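Contents: one structure, followed by commentary.
A quick note: this is a predicted structure, and the numbers were derived from the prediction, not measured. To find a chain, count down the sequence lines: A is the first, B the second, and so on, and within it residues start at 1.
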Protein chains: 2
Amino acid sequence: MARKSGSHSQITGPRIRQAALRLFARHGYAAVSMRQIAQEVGVQAGALYLYTSDKQSLLFDLMHDHLTDLLAAWDAQEKQADAVARLEQFTRFHILYHLDRPDEVFIAYMELRNLTPDNFASIERLRRRYEDALEEILRNGQAEGTLSVPDSRIATLALIAMLTGVNTWYRQGGRLSPDEVVQTYWEMVRNTVGARG
Amino acid sequence: MARKSGSHSQITGPRIRQAALRLFARHGYAAVSMRQIAQEVGVQAGALYLYTSDKQSLLFDLMHDHLTDLLAAWDAQEKQADAVARLEQFTRFHILYHLDRPDEVFIAYMELRNLTPDNFASIERLRRRYEDALEEILRNGQAEGTLSVPDSRIATLALIAMLTGVNTWYRQGGRLSPDEVVQTYWEMVRNTVGARG
DNA sequence: GTCTATATGCTGATAGAC
DNA sequence: GTCTATCAGCATATAGAC
């Protein structure tokens with residue numbers, strides 16, 4: 001049975017999500033219309049509703065999948081044994097993973113207030129799980145005596161803010177390569193947590 | 001000559017700006033209508049245009065005045081002589097000033113993409129001036145030999161990201177007082193820049 | 001699977017009465 | 001100084017033709 005000409009169910013869905021990602025990151029969720037997304041994909045606005053129930057779930061899915069992928073990627077890493085080495089691993093992982101996905105990161109931070117309360121709570125749970133992965137490293141290091149912070153929870157949030165900040169200034173082809181950025185930040189992170197050596 | 005009843009030119013202007021500040025911070029610039037702002041103030045939408053030429057300049061003025069006030073407040077500080085003491089002063093100033101103005105800070109970071117190109121350039125110049133104030137402290141400290149960072153520009157951006165991050169988690173009546181937050185962050189900042197002592 | 005057409009309502013901004 | 005009325009356009013989402 002030949003498919004009807006113009007049917008692309010297998011690729012239109014991903015293309016809609018990709019267009020929404022790009023447009024939401026550039027102009028903001030509230031400023032982007034379903035018509036704009038449809039135009040970017042090359043279909044009419046009505047066709048979008050075959051792939052998403054509404055605009056809100058388009059946003060939610062983007063944020064949810066980003067955080068789920070982030071957690072899975074960290075979980076999949078072969079972990080260093082001692083806390084300082086694992087903190088270096090986290091620093092490198094966080095910077096490189098986030099530099100590779102600027103649009104996803106931007107949306108995940110900027111569009112929280114456009115989520116419905118239920119969706120917001122769901123996203124915050126995922127973000128909390130990621131933060132907890134770092135906090136556990138800091139707690140282990142304190143127990144080992146290989147690092148020292150005044151408050152492990154606050155240090156966690158401070159380090160993540162510092163590391164994610166790379167995305168606000170990094171530009172491809174700039175003064176530093178991604179690897180040099182990692183080196184520079186690792187030196188600061190190591191000092192911040194008072195790591196030995 | 002008695003004023004006409006319902007005339008409040010001296011207070012309506014500030015009230016419009018206050019309402020816009022609150023609503024933009026809560027829901028985002030693009031998601032807030034001029035009618036919502038008018039309703040919050042208690043006037044009709046048309047009356048807003050006696051005080052602002054359009055929605056864009058309402059946003060720009062909020063961001064511009066915030067950054068101008070921030071720079072003026074830092075310039076007005078009686079400065080510590082040596083770099084480490086001045087860095088502690090900056091840390092305290094930045095955290096407390098920003099904690100006092102969560103809505104202004106939120107807008108100044110989140111609504112950059114909703115500025116026209118000219119307005120964006122103007123705001124970025126002001127932000128850059130503030131960053132330069134911190135970078136100068138770090139450079140002086142390096143020259144004195146009292147602190148050490150791998151890259152003064154990147155350290156500047158890293159520290160500002162770390163310190164401004166307080167606004168994302170701090171809640172009044174929480175575990176720590178503003179003063180304890182300052183102490184905790186100063187300990188980390190001091191380590192980050194490898195300060196002596 | 002995609003289209004056109006449409007419903008219902010809101011948008012920023014202006015004109016002119018009071 | 002504020003109001004009412006209005007313009008022209010765009011919003012999300014759905015119904016039904018093909």
Rounded to whole Å, how long is the line connecting atom [atom1] of [X] with atom [atom2] of [N]?
X: K55(B); N: dC10(D); atom1: NZ; atom2: P; value: 16 Å
X: Y29(B); N: dT11(C); atom1: OH; atom2: P; value: 13 Å
X: Q56(A); N: dA13(D); atom1: CD; atom2: C1'; value: 15 Å
X: D54(A); N: dA13(D); atom1: CG; atom2: P; value: 5 Å
X: R35(B); N: dC3(D); atom1: CZ; atom2: C1'; value: 13 Å
X: M34(A); N: dT6(C); atom1: CE; atom2: P; value: 21 Å
X: L23(B); N: dG12(C); atom1: CG; atom2: P; value: 12 Å
X: I16(A); N: dA13(D); atom1: CD1; atom2: P; value: 13 Å

Is [X] salt-bridged to [Y], going by a charged N under 4.0 Å from an acidic O?
X: D65(B); Y: R17(B); value: yes
X: E124(B); Y: R127(B); value: yes
X: E135(B); Y: R153(B); value: yes

Other residues, nucleotides, ligands: >12 heavy atoms within 6.0 Å of D118(B) CG: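 Not more than 12 within 6.0 Å, no.
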
Does CZ in R129(A) sit with more than 12 non-hydrogen atoms of other residues, nucleotides or ligands closer than 6.0 Å?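 Not buried by this count: 12 neighbours or fewer within 6.0 Å.
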
Please give me every residue in residues 36-49 of chain A whose heavy atoms get under 4.0 Å of an atom in DNA chain D, ordered by residue number.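 Per residue number, the list reads G46(A), Y49(A).
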
For dC10(D) and S33(A) - does any side-chain N or O of the residue sit under 4.0 Å from the phosphate oxygens OP1/OP2?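 No, because none of the side-chain N or O atoms of S33(A) sits under 4.0 Å from OP1 or OP2 of dC10(D).
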
May I ask you to evaluate whether T12(A) reaches the phosphate of dT2(C), defined as a side-chain N or O under 4.0 Å from OP1 or OP2?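 So the side chain of T12(A) is within the cut-off, an N or O lying under 4.0 Å from OP1 or OP2 of dT2(C).
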
If every non-hydrogen atom of A19(B) is compared with every non-hydrogen atom of E40(B), which pair is closest and at what distance?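 Distance-wise, the nearest heavy atoms are CB-CG, 3.6 Å.
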
